[in-house]
Amino acid sequence: MRALSRKILDLEESQTLAFTQRARAMKESGIDIVSLTAGEPDFPTPRHIKEAAIKAIEADFTHYTANQGTPELIDAIIDKFSSDNDLHFSPSQILVSSGAKQSIFNALRAILNPGDEVVVPAPYWVSYPPMVRLADGVPVIVPPADSGFRPDARAIRRAIGPKTRALILNSPCNPTGVVFTRSELEEIAAVVKEAGITVISDEIYEKVVFDGRKHFSIGSLKSISNQVVTVNGVSKAYAMTGWRIGYMGGPEEIIRAAAKVQGQVTNHANAIAQKATVAALRGPQRPIDEMTGEFQRRRDRVVERLGELPRTRIRPPEGAMFLFFTVAPYLGKSVSSGMIRNPADLVVHLLERHRVALVPGDPFGSPDCVRLSFACSMADLEKGLDRVVAGFRELG
Ligand code: GLU
């Protein structure tokens, strides 16, 4: 067998991508599958953003840009952070990357030495622990709190030790849909200040918040503003997943080190997509409200339909585009294909017998849960929910 890197052999595959791809492949082979897997808005990218990209191509804006990002995009990001998040950066504190995923990895790679620990509260987004390992660090998982997946500053403090360098936060949270309140973040900030560690705050779902909630950025708390790297991007807010633009703002030395990583690996993010991102950030913001309104309607529908199942306990998501719920009452049942021992078996049962794809909770650090994405059209969602409900009913 060919020799491969031990670290990569040991690395788990991204399960959000794996289940999305599995559903896509079944669909492509002609099977009528409803995919409720990825957090990918189904809306088209707004017209004015697409036009900016077309104009960029026509104007031959098709060559290398600065590694860090174009000056006009960096300015637009500085203004966005300032007006939306009360975060105030100079240009040397911003790095544009190929998606928020790359931003997070660059930040981790920039700050970690072998064996350094990174605290990751569970449930977490699937890629955080593998990214920490890829960057030679050790993820230290904070077990999920009983209190409805709310962040728990005391549990975070207990997880911090002499080797801790960073804490990853994600609000609105993928997969739980919890939006951290200002007072919860203040409690965490006190812990972070005392420990002198860096926070990587992944705020990619910032704009998808429900029932009039407002997202709050932990980096705007003055006591720790020089300890926070704030990550965001245009994928979710502007339905621009395929354009791959993420960005971060943070302490200059971290940004400089992260830019060095990026300069050696990919160089800058796509030039045309950077132009489109300027149009997204500077242009009309109405499409965001329309999309969020639609996500809220879908959220309500998901909660209503799954509420029909007497043994399912649902907490309505406050933001993001997922419902994450325990399936413990359904485990241990037998169906024609065999025993449902865990959420992964349940997901396979739903996929193969009922033709609807979800993602099991294990890779999110919550082994008794499943994640259902409502980032698809209402028609697909209705069809998918019929199937999910039928699949659970079959389990009694
Ligand atoms: N972040 C999204 C999700 O959790 C997109 C897939 C991915 O990059 O993991 O579904």
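When a ligand or atom number is given, it counts from 1 through the structure's own listing order. Positions are given from 1 along the sequence. Keep in mind the model is a prediction, meaning the values are calculated, not measured.
- Of all protein heavy atoms, the one lying nearest to atom 8 (O) of ligand 1 is Lys101 NZ, 2.8 Å.
- For ligand 1 and Leu17, the ligand atoms under 4.0 Å from any heavy atom of the residue are 6 (C), 7 (C), 8 (O).
- Checking only distances, Ser127 never comes within under 3.5 Å of ligand 1, N or O to N or O.
- At a heavy-atom distance under 4.0 Å, no atom of Glu40 approaches ligand 1.
- Between the side chains of Asn174 and Arg371, a donor-acceptor pair is found at a separation under 3.5 Å.
- The existence of a salt bridge linking Asp32 and Lys383 is confirmed by a sub-4.0 Å separation between a basic side-chain nitrogen and an acidic carboxylate oxygen.
- At a threshold of 4.0 Å, the pair Asp380-Arg298 does not count as salt-bridged, since none of the basic side-chain nitrogens sits closer than that to a carboxylate oxygen.
- Glu206 and Asn85 are linked by a side-chain donor-acceptor pair at a separation below 3.5 angstrom, with hydrogens and angles left out of the test.
- With a heavy-atom cut-off of 4.0 Å, Val126 does not touch ligand 1 at all.
- Salt-bridge formation is detected for the pair Glu352/Arg22: a Lys NZ or Arg NE/NH1/NH2 atom is positioned less than 4.0 Å from an Asp or Glu carboxylate oxygen.
- By the criterion of a heavy-atom distance under 4.0 Å, neither the backbone nor the side chain of Thr20 is placed next to ligand 1.
- Heavy-atom proximity to Ala38, at under 4.0 Å, picks out these atoms of ligand 1: 10 (O).
- Using a 4.0 Å cutoff on heavy atoms, Lys236 counts as a contact of ligand 1.
- We find that Asp289 and Lys207 are not joined by a salt bridge, their nearest charged nitrogen and carboxylate oxygen being 4.0 Å or further apart.
- Looking at ligand 1, you'll find an N or O of Thr16 within less than 3.5 Å of one of its N or O atoms.
- Under 4.0 Å from ligand 1, not a single heavy atom of Met321 appears.
- Using a 4.0 Å cut-off to heavy atoms of Asn174, the atoms of ligand 1 that qualify are 1 (N), 3 (C), 4 (O).
- Residue Arg371 places a heavy atom less than 4.0 Å from ligand 1.
- A donor-acceptor pair shorter than 3.5 Å can be found between the side chains of Ser201 and Glu203.
- Ala257 meets the side-chain contact (heavy atoms from CB on, under 4.5 Å) test with Ala110; sequence neighbours excluded.
- Salt bridge annotation for Arg353-Glu394: present, with a cationic side-chain nitrogen under 4.0 angstrom from a carboxylate oxygen.
- Taking any N or O of Phe322, backbone or side chain, none lies under 3.5 Å from an N or O belonging to ligand 1.
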